[in-house]
Each structure stands twice: as C-alpha cells, then as structure tokens.
Amino acid sequence: RDAMAQHLAEARSHVFSIEALADAPAVKRQIHVLIIGATGRPARWDLFDAKRNTTPRLSSRREGLLAFSDVVSAASATREAVPLMLTRRPPTSMLAATPEPSVVTAFRQAGFRTYWLSNQGSAGSHETPISVLAEEADERHYVNSADYRGRGTLDGDLLPLLKKVLARREDKQFIVLHTLGSHLHYADRYPPEFARFQPSVGRDDQPDIWRPTDADQLRNAYDNSVLYTDFVIDSVIAALEDHGGAATLFYAADHGETLFDGTCKKAGHG
C-alpha cells in the first residue's frame with residue numbers, strides 16, 4: 001500500500017515528452033485497443049497450432065492478423081504481471097514504487113482520450129496494483145460486481161460499453177479492456193452455448209485443480225473458455241471495422257496456467 005501510494009504521488013507529475021512523428025500519416029481518427037487477457041495458454045489456441053479448433057474466428061482472419069509466438073509472461077499472477085505489462089518497471093521490482101506511470105498516461109499525454117473498461121472486480125484506487133493503473137485513465141467503467149472467485153458477468157458484457165465509447169467519434173481513443181478470459185472457475189467464463197468440448201466441469205461443480213482425475217474435464221472447460229475468448233476478440237475487431245478510421249487491437253494474456261502438464265500433479269496458476 002505504501003508503494004502504491006508513493007507511485008501515485010510521483011507518477012502524476014511525470015511527463016513522457018511525447019512528440020508526433022513528422023512523417024506520420026494524416027489520419028483524422030485513431031483508435032487503439034489493448035485487451036488484457038487472463039490465464040491464457042497459447043498451447044490451447046488453434047491460432048498457435050493447438051490440436052483443437054478453439055479459435056475458429058481468429059484463425060479465419062488471416063489478413064491483418066499477426067500472432068506472436070515468442071512471448072513470455074513476466075509473472076504468474078495478475079497483480080504482479082499486469083503492472084509489468086503496462087509499465088517499464090523491471091521484473092526485479094514487481095510491486096515496488098516507480099516514478100513513471102503506465103502506457104495509459106503515455107497515450108493520454110499524446111492527446112488520446114483514455115478508457116479502462118473492466119470485467120475484473122472493481123476496487124479502490126489504493127487496493128490493488130491494477131486499480132492504481134486504471135486510475136490513470138480519463139474514464140473507468142467496471143461491469144462486474146463480483147471478483148474472479150464469483151460467477152459474475154462475462155467478458156462479452158464489455159462489448160456494449162465498448163460500442164458506446166466508439167460511438168463518441170472522438171479523434172483519438174485508447175481503450176483498455178481488462179477481461180477474465182480463462183481464469184478459474186473456467187465454466188463461469190463462457191455461456192452454455194460455448195460448452196463445445198465435453199465432458200467438462202459445469203458452473204455448479206466444484207472442481208479440484210489439484211486432483212488429476214479431473215484433468216480431462218478441466219481441460220475441456222478451459223478450451224471452452226478459449227472458444228469464448230475467440231468470440232469476444234473477434235467481436236471487438238468487428239466493432240472497430242464498423243467505426244472506420246485507423247485502428248489497432250493488441251491482445252496479450254497476463255500469465256498462463258498449468259493443466260497437469262507433464263509430470264506436474266497440480267493445476268492452476270500463481
């Protein structure tokens with residue numbers, strides 16, 4: 001808490017000294033979206049040559065889509081990983097106070113209207129390293145009344161809010177979507193129609209992530225959550241296409257998860 005309070009005090013006065021490139025194309029409208037995924041494993045994504053068709057929509061979008069396979073998480077839990085994703089602090093100083101804010105402030109100082117749209121549980125500005133970063137945005141909206149341990153809302157519930165922001169037709173927008181992705185309990189992360197891979201743990205089940213006998217059902221539920229993430233990302237792309245202008249979307253998960261891999265007799269993350 002002391003480190004976060006110190007970070008807020010020092011970061012607010014930091015200036016990135018951003019200058020527009022002289023040869024930048026004269027595009028009137030720019031939209032940049034950053035989707036922070038949760039508990040993402042490329043080995044379970046068809047986009048990265050998984051054995052299952054878990055990303056049918058993204059896999060069909062070959063034009064304009066780049067998949068980066070040489071990527072490593074900086075930490076194995078959200079509260080450590082996300083600050084390392086969005087700031088320039090080194091991994092050796094995960095939760096230490098830093099005098100420099102995140103990429104959200106960098107975009108704001110570059111003239112962008114910044115938004116933080118979250119399906120993660122809301123928290124006060126001093127409660128988590130994530131909410132401290134969210135405080136840098138011009139606007140913050142939380143759609144989930146529960147945290148990651150509850151059923152709560154789905155990532156798709158961010159889509160109407162995103163479309164409202166895009167409909168404002170602001171010349172420069174930077175939008176962060178903080179999702180729950182494939183975070184346990186996997187069955188809570190997708191609607192019933194996405195339960196394609198069976199048998200899988202249900203929403204009312206209490207899976208034991210340390211019990212290898214549940215491995216197949218856990219993996220199936222995890223893959224179903226990836227299938228829904230594929231739908232959400234594709235829907236964001238479609239929304240950007242509808243609103244025109246120059247747009248980019250960057251997706252990265254905060255960390256991965258073990259699913260009884262190799263000789264490991266446990267699952268989960270952290």
Side-chain angles (χ1 to χ4, degrees), residues 33-48 50 52 54-59 67-69 71-86 116-123 128-130 133-134 141-144 146-159 161-162 175-197 200-201 203 207 209 218-237 239 249-259 267-270:
V33 176
L34 168 63
I35 300 179
I36 303 175
T39 321
R41 290 193 52 154
R44 310 299 298 189
W45 287 46
D46 181 44
L47 194 64
F48 295 96
R52 281 178 165 175
T54 54
T55 57
R57 293 172 175 83
L58 291 178
S59 295
F68 300 95
S69 58
V71 180
V72 179
S73 296
S76 61
T78 299
R79 68 163 53 223
E80 290 89 11
V82 173
L84 292 173
M85 293 171 68
L86 302 189
W116 187 283
L117 313 181
S118 177
N119 191 35
Q120 298 260 0
S122 60
T128 75
I130 316 303
L133 301 178
H141 299 276
Y142 295 88
V143 301
N144 203 336
D147 63 14
Y148 64 88
R149 292 166 293 187
R151 181 164 295 179
T153 57
L154 298 171
D155 290 337
D157 292 321
L158 291 171
L159 295 172
L161 189 55
L162 170 67
I175 307 165
V176 177
L177 302 180
H178 193 191
T179 67
L180 275 170
S182 298
H183 198 291
L184 278 166
H185 178 12
Y186 307 136
D188 286 340
R189 307 302 165 223
Y190 54 88
E193 60 267 30
F194 283 81
R196 175 184 301 176
F197 305 108
S200 65
V201 293
R203 301 189 78 179
I209 61 172
L218 283 168
R219 292 192 189 105
N220 286 337
Y222 182 93
D223 288 347
N224 290 333
S225 72
V226 175
L227 188 68
Y228 185 63
T229 294
D230 173 67
F231 162 78
V232 171
I233 297 175
D234 185 72
S235 298
V236 174
I237 295 174
L249 182 150
F250 187 88
Y251 168 91
D254 51 7
H255 55 76
E257 179 127 317
T258 59
L259 290 167
H269 68 267

Least distance between heavy atoms, [X] atom then [Y] atom:
X: Asp157; Y: Val143; result: O-CG1, 4.3 Å
X: Val236; Y: Val33; result: CG1-CG1, 4.2 Å
X: Ala38; Y: Leu180; result: CB-O, 3.3 Å
X: Gly181; Y: Thr229; result: CA-OG1, 4.0 Å
X: Pro83; Y: Pro129; result: CG-CB, 3.7 Å
X: Arg219; Y: Arg44; result: CB-NH2, 3.8 Å

Counting N and O atoms only, with roles assigned by atom type, does the side chain of Thr54 sit under 3.5 Å from a partner on the main chain of Leu227, one being a donor and the other an acceptor? no
Whether the side chain of Thr179 engages the backbone of Ile36 through a donor-acceptor N/O pair (distance < 3.5 Å, no angle test) should be reported. yes
With sequence neighbours excluded, residues passing side chain to side chain contact (heavy atoms under 4.5 Å, CB included) with [X]:
X: Ala187; result: His185, Tyr190, Arg203
X: Ser76; result: none
X: Ser118; result: Trp116, Gln120, Tyr142, His178

Quick one: [atom1] on [X] to [atom2] on [Y], what's the gap to the nearest 0.5 Å?
X: Asp230; Y: Ser59; atom1: CG; atom2: OG; value: 6.5 Å
X: Arg196; Y: Asp223; atom1: CZ; atom2: CG; value: 10.5 Å
X: Leu47; Y: Ser69; atom1: CG; atom2: OG; value: 10.0 Å
X: Leu117; Y: Asp155; atom1: CG; atom2: CG; value: 12.0 Å
X: Asn220; Y: Ser225; atom1: CG; atom2: OG; value: 11.0 Å

Heavy-atom side-chain proximity of [X] to [Y] below 4.5 angstrom:
X: Phe48; Y: Thr55; value: no
X: Ile237; Y: Arg57; value: no
X: Val232; Y: Leu177; value: no

Between the side chains of Thr78 and Asp254, does any donor sit under 3.5 Å from an acceptor? yes
Are Asn119 and Arg189 close enough that a side-chain donor and a side-chain acceptor fall under 3.5 Å? no
Quick one: list whatever passes ring pair (Phe, Tyr, Trp, His ring centres under 6.0 Å) with Tyr228, sequence neighbours left out. Phe194, Phe231
Non-neighbouring partners of His255 that pass ring pair (Phe, Tyr, Trp, His ring centres under 6.0 Å), sequence neighbours left out: His269
Using 30° and 60° as the class boundaries, would you call the ring planes of Tyr186 and Tyr222 parallel, tilted or perpendicular? perpendicular
Before you tell me yes or no, could you show the steps for Val226 and Arg52 under side chain to side chain contact (heavy atoms under 4.5 Å, CB included), namely the whole-Å CA-CA distance, both residues' side-chain angles and the distance that decides it to 0.1 Å? CA-CA 11 Å; Val226 175; Arg52 281 178 165 175; over 6 Å; no
The criterion is salt bridge (Lys or Arg N to Asp or Glu O under 4.0 Å); which residues satisfy it with Asp46, sequence neighbours excluded? none
Could you check Leu184 against Thr39 for side chain to side chain contact (heavy atoms under 4.5 Å, CB included), going step by step and ending with a plain yes or no? CA-CA 9 Å; Leu184 278 166; Thr39 321; over 6 Å; no
